[in-house]
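Working notes, beginning with the structure itself.
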Amino acid sequence: MKPQAIFSFLRIATSFLYFGMIVLTILLAVKSVLSFLDDRSGKGSSYFSHEVMVFATNQEKPKSYVFDGSGPLVFKVEDDKKNSKAKASTDGLIKFFPIVNRYRLEVEPNSTLGYYSFAVILLNFLLIIGILAQFRQIFREANVVEPFKQSIFKRLKMLAILFVVSDVLKIVHYIIFNKLVFQQLHNSSFDLITQIGNGFITGLVIYAIAIIYQRGLFIQEENALTV
Amino acid sequence: MPIIVNLDVMMARRKMSLSELAEQVDITLSNLSILKTGKAKAIRFSTLEKICEVLDCQPADILEYSK
């Protein structure tokens with residue numbers, strides 16, 4: 001496969017994802033706004049879902065928080081003592097365990113946590129759109145004949161910043177979300193399940209590539225001005 | 001940059017145009033223009049050799065150092 005063909009494929013793929021994400025974000029925004037406006041949304045129409053985990057063992061079990069139709073939170077209890085035993089494949093080579101103390105926390109849209117969840121999801125979507133926009137522009141501008149361009153270097157740096165920002169937002173989200181849940185449910189020890197670190201590492205790797213790319217840009221310019 | 005390119009002076013002395021020199025040295029007109037206007041960052045020995053050969057001069061006639 002020729003390099004130019006790879007660039008073309010990536011350009012089309014990122015454009016497809018970029019516009020897809022824009023449509024998805026608009027749909028999410030419209031759906032959420034309609035949920036906020038709808039008075040009946042508290043009766044199980046649509047919820048924002050979060051994966052949480054309980055680390056404390058001596059505290060009151062979250063099973064006691066049963067949704068009675070008036071509160072903003074619903075718990076779907078996923079762990080069970082019956083299911084917590086290990087199961088194995090017939091040959092005994094593979095064992096599998098259910099994850100205990102893991103819950104799906106569903107938030108009604110018309111609540112503080114609901115508005116917050118909407119804002120976080122929207123921000124994440126916008127970040128993804130921003131990242132895809134940078135990738136799309138990079139693949140549009142990249143070509144084999146003149147591989148190093150100042151604009152691509154700037155976009156690589158912006159990509160690195162966006163990836164790092166996405167991880168910083170995850171940390172902020174983790175702190176705020178846990179505080180909000182604790183305010184709603186006293187004695188609860190729910191912790192949001194989130195993956196932190198990927199964005200930092202990706203951002204740093206992209207930044208390192210950007211620095212090398214800048215050196216390539218300098219050499220290309222110098223070569224162009226050598227007669 | 002303290003290196004001054006006196007290519008235009010030598011060309012005037014030899015009554016040679018830029019396109020004529022580019023053709024004889026076998027480099028592009030744009031590259032020769034970069035050299036003449038002092039935008040060039042480096043010059044290859046092979047290019048300098050050809051220019052000196054065509055203009056019948058020494059490298060010091062084309063390049064000059066001034067503080």
Side-chain angles (χ1 to χ4, degrees), chain A residues 1-12 14-15 133-163 203-227, chain B:
Chain A
M1 203 173 185
K2 287 180 181 177
Q4 201 57 47
I6 294 168
F7 280 130
S8 299
F9 169 74
L10 288 170
R11 190 170 60 240
I12 293 163
T14 47
S15 294
Q134 297 302 325
F135 271 121
R136 184 169 166 259
Q137 286 301 322
I138 286 170
F139 294 128
R140 274 167 74 99
E141 289 168 11
N143 66 68
V144 185
V145 182
E146 197 188 347
F148 300 103
K149 288 179 182 173
Q150 186 68 30
S151 57
I152 294 179
F153 167 65
K154 283 179 183 172
R155 288 188 190 286
L156 281 172
K157 273 208 299 189
M158 181 54 77
L159 258 180
I161 292 166
L162 284 172
F163 272 108
L204 288 176
V205 168
I206 291 175
Y207 190 75
I209 292 168
I211 297 297
I212 296 165
Y213 190 89
Q214 192 185 26
R215 181 72 187 148
L217 187 68
F218 174 75
I219 291 168
Q220 184 183 268
E221 273 177 6
E222 205 169 59
N223 187 52
L225 291 173
T226 300
V227 292
Chain B
M1 203 161 70
I3 300 287
I4 298 164
V5 182
N6 291 321
L7 190 66
D8 47 352
V9 178
M10 282 308 296
M11 280 164 58
R13 279 184 194 166
R14 300 287 183 263
K15 291 175 183 170
M16 196 178 274
S17 69
L18 198 68
S19 54
E20 205 178 338
L21 182 65
E23 195 180 317
Q24 288 192 37
V25 175
D26 196 27
I27 59 171
T28 61
L29 198 63
S30 60
N31 269 351
L32 202 59
S33 182
I34 287 169
L35 183 64
K36 196 186 144 198
T37 52
K39 286 178 186 171
K41 283 193 174 180
I43 181 166
R44 290 188 188 90
F45 278 145
S46 58
T47 312
L48 189 62
E49 186 188 323
K50 278 182 186 173
I51 291 170
C52 288
E53 190 186 323
V54 172
L55 293 175
D56 191 24
C57 64
Q58 292 298 311
D61 297 330
I62 299 165
L63 303 173
E64 184 191 330
Y65 174 75
S66 73
K67 283 185 181 175

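Values below: every heavy atom of this structure, side chains too, minus hydrogens, waters and symmetry copies. No experiment lies behind these values; they were computed from the predicted model shown. Chain A is the first sequence line, chain B the second, and so forth, proteins listed ahead of strands; every chain is numbered from 1.
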*Can you pull out the residues in residues 143-159 of chain A with any heavy atom less than 4.5 Å from chain B?*
none
*In terms of heavy-atom proximity below 4.5 Å to chain A, should I34(B) be classed as side chain, backbone, both, or neither?*
side chain
Are there donor-acceptor atom pairs under 3.5 Å between chain A and chain B, and if so which?
{"residue": "L225(A)", "atom": "O", "partner": "K41(B)", "partner atom": "N", "Å": "2.9"}
{"residue": "V227(A)", "atom": "N", "partner": "A42(B)", "partner atom": "O", "Å": "3.1"}
{"residue": "V227(A)", "atom": "O", "partner": "R44(B)", "partner atom": "N", "Å": "2.9"}
{"residue": "V227(A)", "atom": "O", "partner": "T47(B)", "partner atom": "OG1", "Å": "3.2"}

